[in-house]
Enquirer: 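Quick one: structure below, then a few questions.
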Amino acid sequence: MIGPVERFAYVLSQGTRVSWFFAQARLAVRLERRRAPAVPRPSRGYPALGAILAALRRLIAADLANIEAGRYRLPHDLASPPGRVLADATRFFRDLPAVQRRRRKGIAQEVVEAPPPGSERLPRYYRQNFHFQTDGYLSDRSARLYDHQVEVLFYGSADAMRRQALVPIGDYLATRAQSATRMIDLGTGTGRFLTFVKDNFPRLPVLGIDLSRPYLVAAGRATEPWRRATHLVQAAAESLPVPTGSVDLVTAVYLFHELPAAVRARVAGEIARVLKPGGRLVLVDSLQLGDVPAFDGLLELFPEAFHEPYYAGYIRQNLPAVFMEAGLVTRSSELAFLSKVIVAEKPAE
């Protein structure tokens, strides 16, 4: 439970956060329109801005309700240093013209044409400028920009959507000792999600897996306060360096929509392989077509506007069927603004 002071701090911080990133998102759109025609209107049409903001308010209300119910703690970074906030925004807008140039010209293969050292060993599907971002996922510069870019895209709601995964994780740990439970986070990126996991479950041993070494370096900095029970490894989610049946929890946050369909199936198979009987997968990812029909136009537009080469297939794929084929049973699917939280389990023997 939290008191009135903590509740006020949360409401103030989240309101400020949403306003800050919403303003940057609107400014970015205006700057884009000055340089090129607007992106074609999707066949399903756009939802009204009021409907989007209403759904965002419901997410923030659900986040606060979970905190008030003791399901997870207040965000550990309610108040960010003003200097860092301004520096992040400055980097974002300095890089924005390059992102917009790639979008206008359809350039998304720069990291193949000028590959960073060591990137030739990475899967070809990964070596792209996802989101038209500079260096794809393959540089320190990209890692510094990424979290801010995502928050602008989601109007400051990305962390709140990620935090919804803490509920099924907490439910799973309610009858288990944290220190005796093993968790893998796939596509751990810069470690934002892991900071919330470790802040709430500090004794839970976690292995973060990602293909990007610069992003893992950033994740190491982010999780430094919890370094004793946090390990980070560069590896592919479709070929995990983990023994069969050795893991209790697997999380995947915004990973599946960036994988080709065949790789999604292989990742699901690897999750099933490494999970113990009774182990749990918690997935947070984009909505799919039909989850919120009014938002289907946004989902249709997204891969065109942000270079998500596998997204159109993702939003049409039957994920429970993919998990079932791998040996996982879907237990629940809950919507969270522009994302959803899917819980699947490996049946107990």
Side-chain angles (χ1 to χ4, degrees), residues 122-128 130-131 136-137 146 150 153-154 158 161-165 168-169 183-194 197 207-212 215 235-240 242 247 249-275 279-292 295-296 298-300 302-303 306-346:
L122 299 174
R124 176 62 184 85
Y125 72 80
Y126 187 72
R127 289 179 284 135
Q128 302 187 53
F130 285 92
H131 318 143
Y137 289 125
Y146 177 77
V150 171
L153 175 65
F154 290 123
M161 290 190 288
R162 292 182 181 111
R163 283 194 291 271
Q164 304 317 297
I169 292 173
M183 174 180 147
I184 295 180
D185 182 46
L186 303 180
T188 205
T190 62
R192 281 297 295 168
F193 174 62
L194 282 189
V197 171
L207 174 64
I209 299 284
D210 203 276
L211 279 168
S212 173
Y215 276 59
E238 62 269 30
S239 183
L240 295 173
V242 176
V247 177
L249 278 166
V250 174
T251 55
V253 179
Y254 302 128
L255 169 67
F256 267 55
H257 77 269
E258 297 199 338
L259 302 173
V263 178
R264 272 181 230 128
R266 288 166 56 193
V267 172
E270 275 293 89
I271 293 170
R273 179 184 68 81
V274 303
L275 278 176
R280 174 172 290 188
L281 163 67
V282 180
L283 179 144
V284 179
D285 218 306
S286 165
L287 297 175
Q288 295 179 287
L289 292 178
D291 286 335
V292 182
F295 289 176
D296 282 354
L298 284 179
L299 306 187
E300 178 186 314
F302 191 64
F306 294 97
H307 183 61
E308 287 284 7
Y310 314 112
Y311 188 83
Y314 163 83
I315 59 177
R316 293 169 172 83
Q317 188 167 35
N318 185 336
L319 289 179
V322 173
F323 296 145
M324 179 64 75
E325 181 68 22
L328 302 170
V329 179
T330 299
R331 301 300 188 193
S332 64
S333 181
E334 302 288 339
L335 304 185
F337 186 34
L338 297 174
S339 300
K340 62 181 175 180
V341 182
I342 297 177
V343 177
E345 293 180 346
K346 184 173 181 177

Enquirer: With sequence neighbours left out, write down each residue that passes side-chain contact (heavy atoms from CB on, under 4.5 Å) with Ser333, or none if nothing qualifies.
Expert: Lys340, Ile342
Enquirer: Please report the closest heavy-atom contact between Arg127 and Leu122, naming both atoms and the distance.
Expert: NE-O, 3.0 Å
Enquirer: Return the CD to CG distance between Glu345 and Leu249, rounded to the nearest 0.5 Å.
Expert: 9.5 Å
Enquirer: Within the structure provided, determine whether Pro320 and Asn318 are in side-chain contact (heavy-atom separation under 4.5 Å).
Expert: yes
Enquirer: Any side-chain heavy atom of Pro123 within less than 4.5 Å of one from Glu238?
Expert: yes
Enquirer: Please output the side-chain donor-acceptor pairs of residues 183-190 that fall under 3.5 Å, not counting sequence neighbours, one pair per line with the distance.
Expert:
unit_1, atom_1, unit_2, atom_2, d
Asp185, OD1, Thr251, OG1, 2.7
Asp185, OD2, Thr188, OG1, 2.6
Thr190, OG1, Asp147, OD1, 3.0
Thr190, OG1, Asp147, OD2, 2.8

Enquirer: If I compare all heavy atoms of Leu328 with all of Ala344, which pair ends up nearest, and what's the gap?
Expert: CB-CB, 4.3 Å
Enquirer: Provide the closest heavy-atom pair for Ala336 versus Met161 in the form atom of the first, atom of the second, distance.
Expert: O-SD, 3.3 Å
Enquirer: Considering only distance and modelled atom types, tabulate donor-acceptor pairs under 3.5 Å from the side chains of residues 252-272, sequence neighbours left out.
Expert:
unit_1, atom_1, unit_2, atom_2, d
Tyr254, OH, Ser339, OG, 2.7
His257, ND1, Asp285, OD1, 2.6
His257, NE2, Glu308, OE2, 3.3
Glu258, OE1, Tyr137, OH, 2.8
Glu258, OE2, His131, NE2, 2.9
Glu258, OE2, Tyr137, OH, 2.8
Arg264, NE, Phe256, O, 3.0
Arg264, NE, Leu259, O, 3.1
Arg264, NH1, Gln317, OE1, 2.6
Arg264, NH2, Leu259, O, 2.8
Arg264, NH2, Tyr310, O, 2.8
Glu270, OE1, Arg273, NE, 2.7
Glu270, OE2, Leu240, N, 2.8
Glu270, OE2, Arg273, NH2, 3.0

Enquirer: Let me confirm one number: the CG-CG distance from Leu287 to Leu338, rounded to the nearest 0.5 Å.
Expert: 6.0 Å
Enquirer: If you compare all heavy atoms of Arg280 against all heavy atoms of Pro168, which two are closest, and at what distance to 0.1 Å?
Expert: NH1-O, 2.9 Å
Enquirer: Does some side-chain heavy atom of Asp291 sit less than 4.5 Å from a side-chain heavy atom of Leu335?
Expert: yes
Enquirer: Calculate, to the nearest 0.5 Å, the distance between atoms CG and CZ belonging to Leu194 and Arg162 respectively.
Expert: 10.5 Å
Enquirer: State which residues pass side chain to side chain donor-acceptor pair (under 3.5 Å) with Thr330; sequence neighbours excluded, sorted by chain then number.
Expert: none
Enquirer: Strictly by salt bridge (Lys or Arg N to Asp or Glu O under 4.0 Å), give each pair with a member in residues 318-329 just once, sequence neighbours left out.
Expert: none
Enquirer: Can you name the nearest heavy-atom pair linking Ala312 to Arg316, along with the distance?
Expert: O-NH1, 2.9 Å
Enquirer: Rounded to the nearest 0.5 Å, what's the gap from CZ on Phe302 to CD1 on Ile315? Could you check?
Expert: 10.5 Å
Enquirer: For Tyr311, check side chain to side chain donor-acceptor pair (under 3.5 Å) against everything at least two apart and list the hits.
Expert: Ser286
